[in-house]
Amino acid sequence: MRYEVTVDGHTYQVEINEEGHITIDGQTVEVDFAQIGNSGLYSLLVDNESFEALVEPRENIWLVLLRGDLYEVDVVDERVRLLRARASLTVPESGEVTIRAPMPGLVVSVPVEMGQEVSKGDNLVILESMKMENELKAPRDGRIERINIKAGDSVERDQILVVIS
Amino acid sequence: MRYEVTVDGHTYQVEINEEGHITIDGQTVEVDFAQIGNSGLYSLLVDNESFEALVEPRENIWLVLLRGDLYEVDVVDERVRLLRARASLTVPESGEVTIRAPMPGLVVSVPVEMGQEVSKGDNLVILESMKMENELKAPRDGRIERINIKAGDSVERDQILVVIS
Amino acid sequence: MAETPTLFRKVLIANRGEIAVRIIRACRELGLRTVAVYSDVDRNAMHVRHATEAYHIGPPPPRESYLRIDKILDVAKRSGADAIHPGYGFLAERPDFAQACLDEGIAFIGPTPEAIAAMGDKVVARRTVQEAGVPVVPGTDVMLRDDELEAEASRIGYPLLIKAAAGGGGKGMRRVDRPEDFEGALHSARREAEAAFGDGSVYLEKLIEGGRHIEIQILADTHGNVIYLGERECSIQRRHQKLLEESPSPFVNEALRRRMGEVALQAARAVNYCNAGTIEFLVDRDRNFYFLEMNTRLQVEHPVTEFVTNLDIVKEQIRIARGRKLSRTQDEIEIKGAAIECRINAEDPYNNFLPSTGTITAMTLPTGPGVRVDTGVTAGDQITPYYDPLISKLICWGDTRGEALLRMRRALSEYKIMGLKTNIPFHQNLLDSARFIGGQYDTTFVEERFSMGGGREFRPEIAAIIATLVAHEERRKAAQIVRRDGRDGQVSKWKLAGRWEQMWR
Amino acid sequence: MAETPTLFRKVLIANRGEIAVRIIRACRELGLRTVAVYSDVDRNAMHVRHATEAYHIGPPPPRESYLRIDKILDVAKRSGADAIHPGYGFLAERPDFAQACLDEGIAFIGPTPEAIAAMGDKVVARRTVQEAGVPVVPGTDVMLRDDELEAEASRIGYPLLIKAAAGGGGKGMRRVDRPEDFEGALHSARREAEAAFGDGSVYLEKLIEGGRHIEIQILADTHGNVIYLGERECSIQRRHQKLLEESPSPFVNEALRRRMGEVALQAARAVNYCNAGTIEFLVDRDRNFYFLEMNTRLQVEHPVTEFVTNLDIVKEQIRIARGRKLSRTQDEIEIKGAAIECRINAEDPYNNFLPSTGTITAMTLPTGPGVRVDTGVTAGDQITPYYDPLISKLICWGDTRGEALLRMRRALSEYKIMGLKTNIPFHQNLLDSARFIGGQYDTTFVEERFSMGGGREFRPEIAAIIATLVAHEERRKAAQIVRRDGRDGQVSKWKLAGRWEQMWR
């Protein structure tokens with residue numbers, strides 16, 4: 001699994017490989033990671049170097065207290081990145097808008113019907129991908145013009161799922 | 001709410017009155033009770049005397065660490081006491097067994113049907129009482145002979161609900 | 001003059017936070033029962049949990065709770081407390097409070113109301129000690145009108161300081177570098193003093209550049225014995241707030257220590273002082289020293305003195321209040337090794353020391369040899385905006401100053417506080433600073449020569465890895481929840497109830 | 001004899017638990033990097049988290065991990081460690097390990113292999129120190145056959161002790177009161193010694209009734225300087241396991257201290273001892289003292305000596321291993337105040353001290369003046385059956401023994417450990433015992449004259465109220481959950497996923 005991880009303005013490309021390895025900005029290190037009890041205390045061994053940190057979630061970021069310093073870390077996985085990128089596309093004020101699959105996946109449900117009026121932010125398709133369920137939302141108000149898929153369908157990346165007019 | 005509370009072989013009658021008062025073995029004291037964060041640490045003021053304790057649940061009891069000593073406390077409320085008393089009744093090996101309401105309540109569901117074969121421990125009736133849902137179980141193997149109630153019924157204490165033969 | 005010993009069995013602590021806990025501990029070790037008082041937001045506080053008894057005294061603002069003499073005396077009567085320890089801050093230096101205790105027949109663990117009053121007015125204090133032969137910073141010693149002050153200013157010379165007579169904590173204080181700025185500074189200092197203390201009186205002092213703030217701890221009993229316990233170096237300050245203190249001072253040699261100690265005793269004797277007190281001095285580059293003021297109470301930084309003298313100052317305070325003699329004579333006081341105290345505040349050193357409030361969600365204390373933590377909070381406790389931002393004090397002792405510094409670095413790296421920002425990174429930077437390590441600092445050091453950049457090693461890539469692994473794990477767990485409860489969209493209410501029954505029964 | 005200083009920068013700690021953490025702290029304060037080793041069950045342990053680096057060395061049983069010289073030396077090489085500290089237990093008193101380190105060019109922070117070997121065989125040790133003029137308990141000093149031992153037994157007189165030559169911890173030890181019991185006891189002692197140490201050799205010692213176990217800490221450098229740091233009173237034992245230690249001993253006066261110290265130095269010199277070591281003595285009611293054995297390593301109870309001498313023994317060990325001179329001379333050693341150590345074990349004092357294992361679910365450490373905690377665990381850590389039950393050591397210092405006792409009581413009441421049983425109530429009872437407070441105890445005290453009943457105040461009714469309130473609250477919360485998710489019997493999977501998204505994104 002790949003992540004884009006931002007700390008203090010620098011973005012690292014982190015990839016969690018098979019158990020016990022991580023690649024960070026192209027460099028592979030051996031890691032051994034453990035949570036201490038149910039607390040937010042973690043122990044990390046990176047190529048046998050030992051680190052202890054307290055970790056807590058905050059709205060959109062992770063707080064990591066390491067050797068006295070508090071780091072604010074933004075961890076973005078592919079799925080979230082794709083969704084974020086999709087959400088930031090500029091959408092025409094009128095005319096047709098096509099909703100495409102941001103990644104390959106399995107359609108879990110389609111909570112809208114042909115001809116239905118939808119508002120910006122309404123769920124159009126629930127797509128299971130990378131073991132997570134992802135909500136594809138309406139980028140603006142409109143009417144459902146076309147539905148190309150149904151629950152249970154497998155879809156490819158960029159396949160057109162729904163069209164709003 | 002009344003509780004029977006057993007510590008070190010002695011059983012106390014504890015009643016939680018309106019906010020701020022407790023009666024223990026007939027004596028009423030003013031209490032102020034607070035949990036510290038989300039931990040198992042609690043602060044108790046009893047008539048202004050201050051106590052600090054760590055509390056944790058264990059299977060059927062509460063562990064209370066108070067001033068260095070670990071107390072094992074069994075807290076039984078009316079509901080549990082009634083259920084326990086019911087469970088301890090001797091049940092004839094054969095013949096009819098009547099399942100009565102151990103307390104007044106509302107029938108939430110009856111997950112068995114007339115004529116159904118049930119095993120000891122199977123749920124017969126879900127009864128809501130004292131804001132809790134209570135499972136009334138078959139005291140031995142048998143066949144459902146009669147069902148006097150349905151979901152939604154209000155029942156009185158000792159009312160016959162189900163008969164097993 | 002042998003007085004009848006004052007017996008008391010139950011001590012009310014008219015304070016909160018770490019100092020209340022500190023005093024409760026001393027009382028418990030003396031077999032005394034303790035009474036805590038608390039405001040609404042302090043119900044769960046550590047001092048409430050550690051005391052034998054605890055009483056509510058009102059809403060969070062100090063004026064409605066911790067400063068309410070009537071409520072505190074009422075609790076003392078209801079609880080049967082026969083002594084009161086005021087801690088520091090709040091009512092500690094209020095002569096009317098000390099007097100009210102005495103009037104009620106309650107022992108006040110501190111000096112007499114007269115001594116508090118004499119030292120509370122800075123102008124009177126200056127005059128009093130000066131008459132006793134104590135050197136003071138050149139300045140004005142009587143109340144003067146604005147025009148008189150301006151004339152005096154020319155006599156004293158610039159740069160100079162305008163200070164509030166009732167002052168403390170830098171409020172009502174102004175530095176003036178040129179005669180043309182004097183009038184404006186005077187008016188603004190008077191306004192600030194009036195607002196802060198209800199008293200706009202000010203006086204002038206020559207500004208001593210490159211000065212160090214060094215104070216002498218003294219103890220005086222009711223039998224006429226007065227001793228000093230060496231000095232504390234308190235020049236690490238920011239906006240007149242001390243951040244780190246050490247004893248001994250790297251700037252003070254044995255001869256200077258003795259001279260300052262003797263002068264401190266003169267100042268104390270000038271007001272017939274009794275109980276624990278501190279004489280603050282300004283020491284210039286040539287080791288001339290000048291009386292600044294006397295704090296007629298226990299100081300925040302008393303633990304560094306305790307570490308190097310092996311004396312428990314709070315217990316001595318109680319001993320004195322009971323009418324007993326000091327447990328040591330001056331000859332028996334020996335300074336052993338070196339101690340440093342870091343004040344751990346809820347403030348963000350990377351963001352102009354902005355106060356940080358909230359709930360402490362997790363805390364790991366440093367332990368081991370030579371480490372002492374005086375804390376008023378544990379995980380789950382809240383830091384509110386109503387009181388000072390002091391979370392705890394971390395104090396380390398070493399056989400040498402070097403060992404104490406290295407031990408403090410080790411302890412700081414073990415100390416973990418989550419839920420709000422703390423100034424631990426400030427202390428870590430300070431302890432890496434060559435000038436600080438070399439003992440080369442004065443009261444302007446933190447504000448003028450120190451930056452948070454420092455040479456410390458940051459490990460953002462490690463933080464990145466840790467956060468990613470935690471996020472990855474949470475994601476995996478959450479995926480399982482969706483999976484488990486998934487397809488059919490149902491979680492049985494029986495299952496939920498069942499889980500709970502298992503837990504609580 | 002000035003030797004070349006041995007430079008090292010990275011220290012491997014061939015141990016676990018509190019002592020590994022203790023040594024890591026000393027190294028960090030000296031600017032040394034540290035290498036931890038851990039078995040499978042110790043992956044999450046505190047010593048792993050505190051070290052600079054950590055390496056896995058095998059399964060939990062010590063024979064497969066902490067006792068594997070080959071694996072530990074392999075880690076030393078891989079990590080570039082140039083020194084090894086063995087702690088206590090495990091490999092600390094194995095001459096072959098010390099030798100193997102030296103063979104690999106790694107500094108061994110401890111005595112020479114020869115000194116370890118000489119003191120490791122108790123019979124050889126007795127003979128060696130006896131030749132140096134050190135008094136030993138009357139007994140046998142050479143290896144004897146069974147019939148010879150029986151003859152010697154008659155000479156020495158009953159009661160007597162049969163002891164294993166390779167012994168320690170009471171294994172292979174038998175008390176014999178009558179000649180007719182001798183033969184049976186001899187065989188069973190030999191069997192036990194054979195099983196425990198792979199060596200069935202035993203020797204005899206006269207049994208000294210009412211004896212106290214008092215030991216002298218010594219330090220010796222490579223320049224021929226040897227000093228003693230006063231004594232430790234270790235008579236509070238149960239089945240030969242020490243539970244509480246104090247320094248100074250309430251039984252030892254200045255003259256006896258000096259005599260025992262001088263004799264300890266003779267014993268150390270007899271084996272050209274170097275680094276830290278401890279000479280254990282048995283002291284009878286008339287203050288005669290007899291050499292028992294020498295522990296050629298750091299002791300568990302070293303902190304009480306550190307508190308009263310203000311010397312860091314672990315740092316001195318490192319200093320010595322670096323070839324430097326001791327930081328103090330004998331004249332500079334002064335015993336200040338009194339220190340007590342309580343060993344906090346995971347065992348149930350109400351149930352025959354049965355070991356207790358499990359996860360520590362919550363822990364509150366005592367802090368404040370005069371309190372030191374040397375711990376190897378925090379909340380979330382596990383106590384496993386593989387290693388000794390020592391959770392931590394609580395050490396308190398006081399200006400007098402009385403103050404230290406009262407402070408220890410205070411600290412014990414603040415110390416909270418949840419998840420398993422500890423012996424804290426034992427210590428609380430002990431500190432309430434009049435005989436203990438009076439210093440009237442010998443090595444038989446805990447087993448023969450002490451009971452857990454004590455005069456302590458129990459508050460079962462408060463425990464009842466607290467548990468009821470918690471149960472009541474849990475019940476109320478659970479009722480709300482059933483209610484919220486209730487009637488329709490559904491929890492939306494989107495809702496669950498949504499909650500989670502909010503949390504992790």
Side-chain angles (χ1 to χ4, degrees), chain A residues 1-16 22-25 27 29 31-36 39-44 46 49 51-58 61-77 79-80 108-109 128 130-133, chain C residues 344 348-350 356 358-364 366 379 409-429 431-432 452 454 456-483 486-487 489:
Chain A
M1 177 67 64
R2 285 165 188 282
Y3 295 88
E4 283 191 352
V5 187
T6 307
V7 191
D8 281 345
H10 179 81
T11 299
Y12 299 88
Q13 302 296 326
V14 181
E15 187 173 354
I16 298 182
I22 273 191
T23 303
I24 177 162
D25 284 358
Q27 193 195 345
V29 289
V31 296
D32 180 345
F33 189 62
Q35 184 174 13
I36 310 305
S39 68
L41 190 62
Y42 293 86
S43 168
L44 174 71
V46 179
E49 192 177 355
F51 299 92
E52 187 184 43
L54 271 171
V55 183
E56 276 186 11
R58 280 290 177 284
I61 52 146
W62 293 95
L63 294 180
V64 178
L65 184 68
L66 176 68
R67 296 186 176 174
D69 288 300
L70 191 67
Y71 297 90
E72 301 190 351
V73 188
D74 184 22
V75 181
V76 176
D77 68 16
R79 191 181 62 86
V80 173
V108 175
S109 74
E128 184 184 306
M130 301 182 212
K131 298 192 181 155
M132 288 300 306
E133 318 232 351
Chain C
I344 310 300
D348 184 359
Y350 289 107
S356 180
T359 300
I360 294 180
T361 50
M363 186 155 92
T364 306
R409 277 198 199 167
R410 188 267 290 173
L412 284 169
S413 76
E414 287 181 17
Y415 203 167
K416 295 185 190 66
I417 300 172
M418 203 71 165
L420 34 72
K421 306 252 170 113
T422 76
N423 64 351
I424 287 176
F426 163 79
H427 289 297
Q428 291 183 311
N429 266 286
L431 286 161
D432 279 352
M452 280 298 289
R456 296 185 54 228
E457 186 194 37
F458 288 95
R459 299 298 293 266
E461 83 287 3
I462 298 297
I465 290 176
I466 291 174
T468 307
L469 286 164
V470 177
H472 185 72
E473 181 63 18
E474 289 294 324
R475 183 183 196 292
R476 209 181 49 75
K477 276 192 216 151
Q480 282 173 347
I481 287 173
V482 170
R483 203 120 315 268
R487 281 296 94 105

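Since the structure is predicted, the reported quantities are computational estimates derived from the model, not experimental observations. When reading the values below, keep in mind they use all heavy atoms of this one structure, side chains included, and skip hydrogens, waters and symmetry mates.
Interatomic distance, CG of A:L65 versus CD1 of C:I424, reported as 7.5 Å (0.5 Å rounding). For the atom pair CD1 (C:I466) and CZ (A:F51), the distance works out to 7.5 Å, reported to the nearest 0.5 Å. C:I465 contributes atom CD1, which lies 13.5 Å from atom OH of A:Y3 (distance to the nearest 0.5 angstrom). Interatomic distance, CD of A:Q35 versus CD of C:E473, reported as 8.0 Å (0.5 Å rounding).
There is no contact between C:T422 and chain A, counting heavy-atom distances below 4.5 Å. Only the side chain of A:L66 comes within less than 4.5 Å of a heavy atom of chain C; its backbone N, CA, C and O stay farther away. Contacts of C:Y415 with chain A are absent, with no heavy-atom separation under 4.5 Å from either backbone or side chain. Contacts between A:V55 and chain C at a heavy-atom distance below 4.5 Å involve backbone atoms as well as side-chain atoms. Neither the backbone nor the side chain of C:E414 has a heavy atom closer than 4.5 Å to any heavy atom of chain A. For A:L41, the part lying near chain C is the side chain, with the backbone staying farther off; criterion is any non-hydrogen pair under 4.5 Å. Proximity to chain C is limited to the side chain of A:E72, based on heavy atoms less than 4.5 angstrom apart. Contacts between C:L412 and chain A at a heavy-atom distance below 4.5 Å are absent for every atom of the residue.
The side-chain heavy atoms of A:E49 and C:I462, taken from C-beta on, include no pair separated by under 4.5 Å. Looking at heavy atoms from C-beta onward, A:R67 lies in side-chain contact with C:E457 at the 4.5 angstrom threshold. Proximity of A:F33 to C:T468: side-chain heavy atoms (C-beta onward) are nowhere separated by under 4.5 Å. Within the 4.5 Å cutoff, the side chain of A:V64 has no heavy atoms near those of the C:V470 side chain.
Taking chain C as the reference chain and counting heavy-atom pairs below 4.5 Å, the highest number among A:I22, A:D69, A:V73, A:V5 is found for A:D69. Among A:I16, A:I24, A:L70, the residue making the largest number of heavy-atom pairs under 4.5 Å with chain C is A:I16.
A donor-acceptor pair under 3.5 Å is formed between the side chain of A:Y71 and the backbone N or O of C:R459.
In terms of heavy-atom proximity, A:G68 sits nearest to C:P425 at O-CG, 3.3 Å.
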